[in-house]
Q: 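Here it is, the structure in full.
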2 protein chains.
Amino acid sequence: MLSKACEYCIKAVVFLAQRSKEGKLSIVKEIAQAIDSPEAFTAKVLQQLVKGGFISSVKGVKGGFFIEEKTLQHLNLLQIVTAIDGRGLIDNCMLGLNQCSEVNPCPVHHLYKGIKADIVQLLNCSLVNDLTIEFSQKLSVLKN
Amino acid sequence: MLSKACEYCIKAVVFLAQRSKEGKLSIVKEIAQAIDSPEAFTAKVLQQLVKGGFISSVKGVKGGFFIEEKTLQHLNLLQIVTAIDGRGLIDNCMLGLNQCSEVNPCPVHHLYKGIKADIVQLLNCSLVNDLTIEFSQKLSVLKN
DNA sequence: CGCTTAAAGGACATACTTATCCTTATTAGA
DNA sequence: TCTAATAAGGATAAGTATGTCCTTTAAGCG
């Protein structure tokens with residue numbers, strides 16, 4: 001469904017959002033620990049998030065990552081998923097047909113289209129800010 | 001979502017089912033052509049389907065693959081997907097948590113559980129026999 | 001300025017998926 | 001029995017995802 005890179009990104013962003021609301025920067029080590037991910041690999045995917053403009057970073061002593069308040073207001077999971085994994089999950093046919101559509105459907109097209117729409121809706125309606133609030137209240141976890 | 005191997009398997013099975021109802025065996029070359037897949041790799045995944053008991057094969061001249069009538073009656077996509085890709089799609093957390101549940105949910109657990117149930121239902125309710133009927137009537141395609 | 005800290009970036013390593021090729025076993029038919 | 005056709009199986013290659021390591025760049029602080 002989602003790549004490991006994308007899973008780490010989503011979890012990292014939720015954690016970072018919480019920390020940012022507390023006015024704190026987080027270094028890679030803290031993030032990797034909070035989401036139980038390999039540190040070096042996490043650093044790589046965080047770079048992608050910075051390049052995509054989803055999170056911000058500060059180098060050097062007292063540096064780290066954070067999310068700008070105004071970015072957090074509208075940031076949702078669809079933005080992150082498409083930036084990291086591309087539009088495959090959203091666009092692709094379940095059976096991999098290049099041209100799968102209403103007029104040229106694969107055998108499961110009509111059954112799958114509703115599910116795909118639901119996935120897009122889940123991602124699009126999942127505001128990082130909302131997820132973070134739940135996480136702060138310990139109503140959800142980012143690791144076991 | 002599904003591996004390439006799994007995509008090929010599903011398409012191969014739908015094609016094979018149609019041919020089997022016509023009383024014909026199909027060789028790898030015909031199958032690969034019908035579903036637009038690489039021949040050698042398709043041969044490999046067909047072997048897995050034979051081992052799993054989903055399809056049957058005959059070696060030698062006039063040999064090929066087919067599906068037994070009684071197998072076809074109850075064969076559905078969930079059986080094929082779990083045999084080829086395992087239970088990951090069905091069991092795994094969207095964010096990859098090892099222990100994601102109602103009492104210990106990831107940030108999207110409650111939103112995702114319905115979608116996962118829908119995916120399982122799609123696969124479980126998709127009888128290969130039914131898909132084949134539609135395919136025979138040219139209401140769906142296996143390649144472009 | 002020089003030291004320390006931390007992100008950025010590049011190179012490399014590992015694992016898995018996808019794909020190909022060649023050989024072997026099996027079968028039908030001449 | 002010999003030959004051709006075809007699945008089965010093993011080895012290998014190519015590609016992608018995942019993960020690690022080391023160097024470079026930037027920033028804060030004494």
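Note on naming: letters A, B, ... go to the chains in the order of the sequence lines (proteins, then strands), and numbering restarts at 1 for each one.
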Q: What is the distance from atom CE of A/Met1 to atom CD1 of B/Ile119, rounded to the nearest 0.5 Å?
A: 4.0 Å
Q: Side chains of B/Arg87 and B/Thr82: is there a donor and an acceptor less than 3.5 Å apart?
A: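 No pair is found: no donor N or O on one side chain lies under 3.5 Å from an acceptor on the other.
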Q: Not counting sequence neighbours, which residues clear salt bridge (Lys or Arg N to Asp or Glu O under 4.0 Å) with A/Asp118? List them please.
A: none
Q: How many whole angstroms separate atom CD1 of A/Ile27 from atom P of D/dA27?
A: 18 Å
Q: Specify the separation, in whole Å, of atom CD of A/Gln48 and atom P of C/dA7.
A: 16 Å
Q: Looking only at the side chain of A/Val61 (C-beta and beyond, no hydrogens), which of the listed nucleotides C/dA7, D/dG28, C/dT27 gets closest?
A: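 Taking heavy atoms from C-beta onward, the closest nucleotide is D/dG28.
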Q: In whole Å, what is the span from the CG atom of B/Leu25 to the P atom of C/dT26?
A: 19 Å
Q: Quick one: CD on B/Gln48 to CD1 on B/Ile84, what's the gap to the nearest 0.5 Å?
A: 4.5 Å
Q: Take the protein atom CG of B/Asp36 and the nucleotide atom C1' of C/dA19, then report the distance between them rounded to whole Å.
A: 15 Å
Q: Mind checking the CD-CD spacing from B/Glu39 to B/Gln33? Nearest 0.5 Å is all I need.
A: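 Rounded to the nearest 0.5 Å, the CD-CD separation comes out at 8.5 Å.
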Q: Both B/Lys51 and A/Lys62 contact DNA chain D. Taking the nearest nucleotide for each, which residue is further toward the 5' end?
A: B/Lys51
Q: Rounded to whole angstrom units, what separation is found between the CG atom of A/Leu49 and the P atom of C/dA7?
A: 14 Å
Q: Strictly below 4.0 Å: does A/Ser57 bring a side-chain N or O up to OP1 or OP2 of C/dA8?
A: yes
Q: May I ask you to verify if any side-chain N or O of B/Gln47 is less than 4.0 angstrom from the OP1 or OP2 atom of D/dA7?
A: no
Q: Whole-Å distance between C/dA8 C1' and A/Ile31 CD1?
A: 14 Å
Q: Under the side-chain hydrogen bond (donor to acceptor under 3.5 Å, both in side chains) definition, can you give me all pairs with a residue in residues 121-130 of chain A, not counting sequence neighbours?
A: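 Counting only pairs at least two positions apart or across chains, the side-chain hydrogen bond (donor to acceptor under 3.5 Å, both in side chains) contacts touching residues 121-130 of chain A are A/Lys21-A/Asn129, A/Asn76-A/Asn124.
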Q: Whole-Å distance between C/dA6 P and A/Gln33 CD?
A: 13 Å
Q: Please round to the nearest 0.5 Å and tell me the distance separating atom OG1 of A/Thr132 and atom CG of A/Leu72.
A: 6.0 Å
Q: Take the protein atom NZ of B/Lys29 and the nucleotide atom C1' of D/dA7, then report the distance between them rounded to whole Å.
A: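 In whole Å, D/dA7 C1' lies 15 Å from B/Lys29 NZ.
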Q: Each nucleotide in nucleotides 11-25 of chain D should get exactly one letter: B, S or -. Can you fill that in based on protein heavy atoms under 4.0 Å?
A: B------BBB----B
